[in-house]
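Data block below; observations after.
Letters A, B, ... are given to chains in the order of the sequence lines, protein chains preceding strands, and every chain is numbered from 1. On a predicted model such as this, the values are computed, not experimentally measured, just so you know.
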Amino acid sequence: MATPPTPRPTDSGDPQPVLEAQGIRKQFPGVLALDGVALRLFPGEVHALMGENGAGKSTLIKVLTGVHPADGGTILVDGRPHVFADPLQAQQAGVSTVYQEVNLCPNISVAENVLIGREPRRFGLIHWSAMRQRAAELLTELDLGLDVTSLLGSHSLAVQQLVAIVRAVDVSAKVLVLDEPTSSLDREEVAQLFTLVRRLRDRGVAILFVTHFLDQVFDLCDRVTILRNGRLEGEYPIGELTPVTLVQRMIGGELATLDQLSVRAHEEAAQRATSEPFLQARRLTRTGSVEPYDLDIHAGEVIGLAGLLGSGRTEVARLLFGADSADAGEVSIEGRKVLLRTPRHAIARGIAFCSENRKSEGLVGELTVRENIVLALQAARGWTRPLSRTKQDELARHWIQALDIRPGDPEAQVRHLSGGNQQKVLLARWLLTAPRLLILDEPTRGIDIGAKAEIQKLVARLAGEGTAVLFISAELEEVLRLSHRIAVLRDHRMVATLTNDDTVTPERLLTTIATGADS
Amino acid sequence: STEGPAAGSSSGAKAGSGKTITLGFAQVGAESGWRTANTKSVQEAAKKAGITLKFSDAQQKQENQIKAIRTFIQQKVDVIAFSPVVESGWDPVLKEAKDAGIPVILTDRAVDSKDTSLYKTFLGSDFVKEGKSAGEWLTSAYANEQGPVNIVELQGTTGSAPANDRKAGFADVIRADGKFKIVASQSGDFTRAKGKEVMQAFLKSQKDIDVLYAHNDDMALGAIQAIEESGKKPGTDIKVISVDGIKDAFVAMTEGKINVVVECNPLLGDQLMELTKKVAAGESVPPRVETQEGVFPQDKAAAALPSRNY
Amino acid sequence: MSTGTASAAAGLTRPFATVSPRTRTRIPLIVTAVLLLVMFGVGSVRYEGFLSAQVVLNLLIDNGFLLVVAVGATFVILTGGIDLSVGSMVALSTTLTAWLVESHGWPLAAVIPLVLLVGAASGTLMGWIIHTFEIQPFIVTLAGMFLARGLCYTISTESITISDPTTAGIAQTRLYGPGGLFVSIPVVIALAVLVTAFVVLHHTRFGRNVYALGGNESSARLMGLPVGSTKIAVYAVSGLCSALGGVLLTFYMLSGYALHAMGMELDAIAATVIGGTLLTGGSGFVLGTALGVLVLGMIQTVVNFQGTLSSWWTRIVIGALLLVFIVLQRLMSGRRPAAD
Amino acid sequence: MTTQPAKSEAVGGIGRRLAGHRLLWPALILLALLLGNLAFHHDFFSVRVRDGHLYGSLIDILQFGAPLTLVALGMTLVIATRGIDLSVGSTVAIAGALACGHISTAAHPGSVATMLTAVALALGVALVLGLANGFLVSGLGVQPIVATLILMVAGRGVAQLITGGQIVTVTSAPYKMIGGGYWLTFPFAVLLATALVAFTGFVTRRSALGMLIESVGGNPSASRLVGIRAGGLLALVYVFSALCAAVAGLMISSNVSSADGNNAGLWIELDAILAVVVGGTALTGGRFSLGGTVLGALIIQTLSTTVYSLGVPPETTLVFKAFVVIVVCLVQSPVFRAKVLRRRRTTTPRSHTTAGTAPQQQEVRA
Ligand SMILES: Nc1ncnc2c1ncn2[C@@H]1O[C@H](COP(=O)(O)OP(=O)(O)OP(=O)(O)O)[C@@H](O)[C@H]1O
Ligand SMILES: Nc1ncnc2c1ncn2[C@@H]1O[C@H](COP(=O)(O)OP(=O)(O)OP(=O)(O)O)[C@@H](O)[C@H]1O
Ligand SMILES: [Mg+2]
Ligand SMILES: [Mg+2]
């Protein structure tokens with residue numbers, strides 16, 4: 001099935017891979033995550049690792065970098081067998097990795113997160129000012145002008161992801177591994193990241209790149225290794241593939257539904273705008289995070305939130321959900337004024353909020369998939385009215401099937417699921433509460449293309465059935481495709497609300513986002 | 001500089017000039033009814049004697065007691081009295097007291113300082129002697145019987161002074177006669193619950209128990225319950241020896257459940273106040289004053305019971 | 001476009017917020033210090049002889065050993081661990097020191113390094129077990145607590161008095177300052193330990209690794225930090241500090257005894273936590289720990305100065321003062337729980 | 001989409017099998033301890049009927065283990081929420097002191113009504129104490145260890161205040177029943193503890209309570225966002241813990257027919273936490289196991305009994321306990337078992353070295 005791999009003839013002329021894996025096997029209790037997988041990384045190439053959610057990409061990376069011991073197979077570094085006992089050794093050997101979830105320490109400063117372990121020192125002590133300066137320099141490479149002394153945890157997930165990338169890049173490694181680094185980045189940040197990656201590649205660094213965005217693969221990568229169900233499907237030069245063949249190889253069949261939603265339901269939108277809104281926010285504000293904004297959301301309407309990284313989209317959503325409490329302004333639901341002080345209040349009024357940060361704000365890692373799925377519904381019912389076990393099983397199975405969560409065992413611990421599957425669990429949790437207003441913050445983060453299309457269809461269907469949806473995504477196309485109206489945020493201020501008709505082109509939206517004014 | 005002036009040596013004199021005396025008393029804690037009776041006795045006696053009492057409770061910690069003494073020095077009391085948690089480790093703080101010119105009285109238990117000028121007098125009981133008294137009662141009670149006599153011992157809190165001394169004094173006496181054998185010895189932490197628990201285990205693991213020696217009444221009272229539950233009669237099937245002499249023990253003794261109680265008298269308040277006055281006035285006092293204590297076998301119990309008030 | 005991002009990113013620091021998050025984490029520290037001063041003020045008004053610098057110095061003299069032990073505990077707690085063995089290690093150190101010096105006539109200069117080594121080694125061993133076998137620190141250090149205390153008993157159930165002149169000399173040395181104020185040598189050592197710990201935690205790689213480890217252990221591992229050795233090292237530090245605390249306590253008491261430092265592990269942990277360190281790890285300051293120790297000492301001093309409390313009222317009042325203190329600390333530091 | 005052949009292995013049973021595993025090791029340890037005793041005392045397992053009730057070492061273990069089990073039961077739920085309750089020992093003392101104090105001053109100390117009011121009084125006060133802890137933790141956001149430390153310190157003082165520093169002895173047959181009596185030949189305390197454990201198990205697992213507690217302990221911020229009322233739950237577990245401790249306090253004082261404000265329940269919090277941890281519940285919160293806790297408590301009680309019946313001298317008791325605890329936790333550690341097993345199984349640790357980059361030899365774990 002695999003085409004015989006050929007080293008890139010163009011670069012460096014060095015045929016020896018800097019990192020090579022052969023016949024890698026990894027068995028988790030009950031799951032054979034990797035079965036005879038091979039991978040070769042040559043200096044000066046960008047190599048894509050592709051596969052569906054749960055195909056084993058992250059596991060492969062973790063095995064290569066010493067997080068998990070392999071159950072079999074060989075790993076060669078510079079042609080010699082070598083195994084890393086922990087990520088530290090991998091780093092020392094020149095393999096620097098950004099793992100899938102943001103893996104930094106929220107309790108220390110941004111500067112430290114970038115440089116910890118390699119702090120500049122003077123007389124054996126940390127040279128703090130040099131460190132801050134160095135960190136700030138590195139961050140500006142990605143055009144990120146943060147206060148480097150601020151705590152990492154106070155920043156949005158996207159910023160954290162960028163900090164993680166900066167950290168990995170600074171190791172100036174032989175090999176740079178990036179596991180879905182772009183999953184919550186805007187196109188601007190993605191472009192900057194790509195510039196950086198190309199620069200590193202030209203310096204001879206081998207880059208392993210995991211993503212679910214096909215265009216990014218074709219834009220950046222030289223070769224692709226495809227995994228399917230924990231097995232090696234093959235390794236290809238990118239030129240040999242088209243998006244369609246790539247997808248076919250990933251899923252092992254035709255993707256019937258890849259043609260995405262084409263209808264833009266703006267006629268409906270106009271018609272809905274005349275009816276009474278489900279939720280009406282007036283001058284809602286929270287000092288330090290969002291300036292006063294007005295927002296109407298009608299039943300059956302999808303409102304997209306667009307904006308740059310850190311423009312305050314998440315904050316707007318959190319206020320509507322009571323996750324943060326507003327300092328001023330008011331919210332009315334179906335014409336009646338309500339106080340949304342805590343998530344409980346919001347949930348009781350039919351609002352659901354699927355957080356962008358599934359690791360720290362979403363899943364309860366130790367609990368099973370079933371428990372995570374029914375959690376919100378159960379919380380709403382209170383502990384005295386338990387869902388019966390059969391009911392829980394039924395719900396869990398239904399949604400596992402509906403969203404194709406794998407492995408399909410409702411009793412698996414959710415922290416053992418792959419990133420994309422965890423995201424689906426989180427979605428399932430809120431979908432099954434049948435909310436009147438569904439707030440989705442980066443719902444397709446880390447989800448493979450097949451599932452992404454499914455989720456988009458689901459959102460459209462829900463809206464069709466009368467659910468109001470507030471949709472936040474770093475992917476402009478997705479926002480444009482799904483939304484009836486788009487609210488644009490800039491610098492924590494809602495600057496425009498556009499009705500998504502034919503006049504709203506990506507370009508127009510981008511200008512609005514960038515300048516804060518609708519042209 | 002490391003050697004400073006001896007501060008505040010004038011404060012000791014003011015007591016002589018007819019002012020009310022302030023006594024700083026650093027108590028060990030309130031770990032048992034015995035101790036509470038001791039505290040109460042001191043407090044009541046102070047009131048009666050018109051002495052201002054600064055009372056401090058160390059919660060069984062020597063550190064705290066030292067801190068308390070230091071506070072007394074800071075407050076410039078006239079006399080300091082305390083019941084040492086343990087014998088050793090008092091020199092630095094006692095030296096501070098001496099430097100400040102405050103006389104010190106030890107109660108209940110001595111300290112082992114070589115420098116006897118650090119304190120004026122000692123008032124209290126002798127735990128080793130109590131252990132010996134218990135042993136002597138036993139040897140005389142079994143003087144005419146054949147051995148072996150199997151003894152189980154309920155020790156106090158491991159490492160604590162009364163436990164060490166009562167064990168040593170007892171062992172000292174019975175060692176003389178080979179028929180006495182301590183077949184099991186465990187710590188019951190001076191409490192009823194532990195005493196009962198340990199005794200219950202003894203009753204199962206030891207085939208033959210003739211005598212129970214408990215380092216205090218509470219453990220004995222707990223153990224008695226265990227003996228009764230096992231279907232034996234305490235005081236008859238198993239002889240019970242105990243130390244302290246609290247009221248409940250005398251009640252049990254009148255019921256025949258305890259054979260002998262070696263008294264350890266906590267009521268030394270009046271004696272202490274007397275000494276305090278003398279010391280404050282600068283009078284000379286004997287270096288050692290022992291409290292009134294007795295040994296109460298069963299036949300004396302009924303008579304002594306009404307006088308027990310703790 | 002790129003300017004837009006930059007300005008948006010600059011806005012990420014919550015431009016409207018009045019206090020920076022960094023300062024915000026220090027608020028509890030400031031509040032604690034203020035409350036301590038208030039407590040001292042109230043004491044001065046209420047009690048004769050309270051308003052004196054020597055009372056403050058006595059706080060250090062009487063709690064120097066606890067400070068050293070609590071500093072060690074802070075390292076462990078910052079990583080999200082816990083060390084229950086410290087109190088017993090203190091007792092073991094006193095017993096060992098006294099035993100070697102008194103019963104075997106060893107010179108103090110040889111005994112102290114040995115005792116410190118024993119402390120550090122047993123800490124290392126516990127850390128190694130915790131790390132290698134992934135066993136909860138609670139059980140491992142509890143076993144360590146039993147073991148150390150048990151070893152004390154096997155050495156001696158009696159208290160061993162130290163009459164060795166060197167030891168006694170050090171113990172009774174007073175370092176006089178202006179106005180007849182004095183401190184003891186252990187106070188100087190304790191303060192040196194505090195300063196060292198501060199420098200280590202805030203200005204060395206090891207110290208920052210401790211914080212990172214407490215923030216998120218698996219992240220720290222994935223970031224390539226030496227998680228294993230850091231973890232082992234904090235328990236070693238804690239063992240070393242408790243051994244040193246034991247040596248200081250030996251000077252304080254001039255004796256070695258198996259029942260010394262009963263429950264000191266709780267005091268040390270309490271001091272650390274009152275000083276603003278989160279038991280879940282990753283957040284806290286060692287200077288806060290010093291304040292925590294002073295708070296506990298101050299409460300004790302106030303109770304001693306009161307001098308009219310019966311045994312149980314002593315406990316109740318200590319608890320009540322602690323309650324008032326904690327509640328004020330929380331209310332003044334802002335109502336949000338510091339966690340999450 | 002397609003099913004995944006590589007992962008189809010009996011996935012369904014894993015969760016349950018693991019749960020089985022979690023209790024397997026504590027159970028084996030308990031068994032080993034008991035068998036160890038049997039080796040020294042051949043009648044260790046013998047249970048006879050004496051005076052119409054069961055009598056034997058095993059019965060003792062159950063009876064003395066009952067209060068510890070109860071305290072640990074409450075502690076389990078607290079720990080599952082990432083908390084810790086240090087005040088249980090004081091609550092034990094207060095409950096005993098209140099009940100005995102009430103009975104000793106009552107007009108009819110021996111009557112059932114007096115006993116019931118005494119019990120109600122103790123439980124009522126425990127409820128208030130639990131609420132106080134809960135308020136400090138959930139209302140004010142005080143760290144659980146300090147919040148409960150306050151009551152730990154003050155509570156014992158309160159208990160002594162109630163008893164006047166004395167040991168209050170009571171003679172009340174109905175009260176004696178709670179901790180020292182027998183019902184249908186069984187120790188009543190054991191029946192009571194069993195009933196409470198069963199009840200707690202039933203309530204936490206049959207209602208959604210268990211899941212919500214685990215969720216709050218597992219990820220507090222996520223739990224807030226799904227709308228779980230964490231404040232109420234926290235208050236609830238602290239109240240529950242206090243109530244359990246109070247019942248344990250009643251048992252302890254009833255067993256010796258006296259209340260000891262200073263010593264009752266001293267250090268029981270440590271034993272209880274140990275029982276919980278040995279039982280497989282992590283101090284970091286999240287998943288809890290009531291069955292594990294019961295086994296943990298029994299292991300600890302058996303250990304004490306073993307010390308007494310083996311005649312371990314008091315000076316070495318702690319060393320002995322330390323070794324048992326270490327062995328217990330090593331045996332329980334999957335990593336330890338894996339390492340020991342692997343060492344025995346694999347004879348071919350192939351090691352590869354690379355030039356320069358990593359000096360240490362690495363083992364390919366096969
Ligand atoms: N620690 C673990 N224990 C058990 N199973 C695991 C563990 N880690 C991963 N798995 C399983 O291994 C499989 C591969 O997961 P992996 O995270 O590598 O997928 P992935 O290709 O990165 O997917 P995604 O695109 O969603 O990130 C999944 O079925 C997952 O459930
Ligand atoms: N939980 C939080 N606590 C404190 N500050 C936060 C929190 N979440 C976000 N912020 C800050 O609020 C600002 C706006 O971030 P927000 O997440 O709303 O942006 P966004 O538009 O959603 O961007 P992103 O694409 O990064 O998610 C940022 O400065 C961020 O650091
Ligand atoms: Mg992945
Ligand atoms: Mg966002």
| request: Counting only heavy atoms closer than 4.5 Å, note whether C:Trp312 contacts chain B via side chain, backbone, both or neither. | output: side chain
| field | chain B contact via C:Tyr252 - which portion, at a heavy-atom distance below 4.5 Å | value | both
| query | How many angstroms lie between atom CD1 of B:Ile80 and atom NZ of B:Lys98, to the nearest 0.5 angstrom? | reply | 14.0 Å
| Heavy-atom pair count under 4.5 Å with chain C, highest-scoring of B:Glu96, B:Gln27, B:Gln60 | B:Glu96
| Can you pull out the residues in residues 58-70 of chain C with any heavy atom less than 4.5 Å from chain B? | C:Asn58, C:Ile61, C:Asp62, C:Asn63, C:Phe65
| request: Sort out for me which of C:Phe50, C:Phe182, C:Tyr257 touches chain B most, counting heavy-atom pairs under 4.5 Å. | output: C:Tyr257
| Does any donor atom in the side chain of C:His260 or C:Ser255 lie under 3.5 Å from an acceptor atom in the other side chain? | yes
| said: Is it the case that the ring center of B:Tyr119 lies less than 6.0 angstrom away from the ring center of B:Trp90? | reply: no
| query | Counting heavy-atom pairs under 4.5 Å to chain B, which of C:Ser156, C:Ser159, C:Ala261 comes out on top? | reply | C:Ser159
| message | Is it the case that atom NZ in B:Lys54 sees more than 12 heavy atoms from other parts of the structure closer than 6.0 Å? | response | yes
| request: With a 4.5 angstrom heavy-atom cut-off, could you sort out which part of B:Lys61 is near chain C: side chain, backbone, both or neither? | output: side chain
| said: Counting only heavy atoms not in C:Arg46 (residues, nucleotides, ligands), do more than 12 fall under 6.0 Å from its CZ? | reply: no
| request: Just give me the residue among C:Leu249, C:Val303, C:Ile185, C:Leu309 that pairs up with chain B most often, heavy atom to heavy atom, under 4.5 Å. | output: C:Leu309
| task | Quick one: which of C:Ser311, C:Ala258, C:Ala98, C:Ala168 has the most heavy-atom pairs under 4.5 Å with chain B, could you say? | result | C:Ser311
| query | Given that the side chain runs from C-beta out, which part of B:Leu53 has a heavy atom under 4.5 Å from chain C: side chain, backbone, both or neither? | reply | backbone
| Top contributor to chain B interface from C:Gln306, C:Met262, C:Glu158 [non-hydrogen pairs under 4.5 Å] | C:Glu158
| message | Is it true that C:Glu102 and C:Thr161 share a donor-acceptor pair across their side chains at a distance under 3.5 Å? | response | no
| What option among B:Ala26, B:Ala68, B:Ser56 has the most heavy-atom pairs under 4.5 Å with chain C? | B:Ala68
| request: Quick one: do B:His215 and B:Glu153 satisfy side chain to side chain donor-acceptor pair (under 3.5 Å)? Show the steps, please. | output: CA-CA 8 Å; B:His215 285 186; B:Glu153 183 182 28; 2.9 Å; yes
| Can you tell me if C:Asn304 and B:Gln75 form a side-chain donor-acceptor pair at under 3.5 Å? | no
| query | Under a 4.5 Å heavy-atom cutoff, which of B:Thr71, B:Thr39, B:Thr52 has the most pairs with chain C? | reply | B:Thr71
| task | State whether B:Arg35 and B:Asp57 are salt-bridged, where the test is any N-O pair (Lys NZ or Arg NE/NH1/NH2 against Asp/Glu carboxylate O) under 4.0 Å. | result | no
| request: Return the option, out of B:Gln59, B:Gln43, B:Lys40, with the maximum number of heavy-atom pairs under 4.5 Å with chain C. | output: B:Gln59
| remark: The reported gap from CG in C:Leu147 to OG1 in C:Thr154 (rounded to nearest 0.5 angstrom) is 8.5 Å
| request: Could you tell me whether the side chain of B:Gln186 reaches within less than 4.5 Å of the side chain of B:Val152, counting heavy atoms only? | output: no
| message | Regarding B:Asp270 and B:Lys48, does a basic nitrogen lie under 4.0 Å from an acidic carboxylate oxygen? | response | yes
| said: With chain C as the partner, which of B:Gly29, B:Ser160, B:Ala161 has the greatest number of non-hydrogen pairs under 4.5 Å? | reply: B:Ser160
| Quick one: does B:Asp244's side chain have a donor or acceptor within less than 3.5 Å of a partner on B:Asn216's backbone? | no
